Amino acid sequence: MAEMFDHAPQVWTVARLREALADVPDETPIHIGVADGPGDFEGYGEYVLVDAEPVEMEGHGDPGTPEVRFTLFADALAGAYHLDVD
């Protein structure tokens, strides 16, 4: 049986992202490394940022009150891929 553990990542705020990007040139592409499992970036999947917008999330916080989260949307890197028909 797999060992259980609590995973509590430090979620970034807009302020922290702005600070991290302060000295980055405007034309720099943004790549996103997605963990293979909780906290596992050893063999992360690489994606590119394609959109960002506020999204209302139901079921988070107070019942009946949507929570707005600024969401970054990622897609696979540019290239040729086999079509997954599943």
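These numbers come from a predicted model, not from an experiment. The basis for the numbers below is simple: all heavy atoms, side chains too, and nothing from hydrogens, waters or symmetry mates.
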**Asked** Where is the tightest heavy-atom contact between A74 and V50, given as atom of each residue plus distance?
**Response** C-CG2, 4.2 Å
**Request:** State the CG-CD1 distance between L17 and I30, to the nearest 0.5 angstrom.
**Result:** 7.0 Å
**Prompt:** Taking only residues two or more places apart in sequence, or in another chain, which ones meet A52 in a side chain to side chain contact (heavy atoms under 4.5 Å, CB included)?
**Reply:** F70, L72
**Asked** When rounded to the nearest 0.5 angstrom, what distance separates CE in M57 from CZ in R69?
**Response** 5.0 Å
**Request:** Would you mind listing every side-chain hydrogen bond (donor to acceptor under 3.5 Å, both in side chains) that reaches into residues 28-56, with sequence neighbours excluded?
**Result:** H31-E46
**Asked** When rounded to the nearest 0.5 angstrom, what distance separates CH2 in W12 from CD in E19?
**Response** 8.5 Å
**Request:** Please name all residues satisfying side chain to side chain contact (heavy atoms under 4.5 Å, CB included) with E27, sequence neighbours left out, ordered by chain then number.
**Result:** P25
**Request:** Over all heavy atoms of both residues, which pair between F5 and P38 is shortest? Give the atoms and the distance, please.
**Result:** CZ-CB, 3.9 Å
**Prompt:** Is L49 close to I32 at the side-chain level, that is, under 4.5 Å between some pair of heavy atoms?
**Reply:** yes
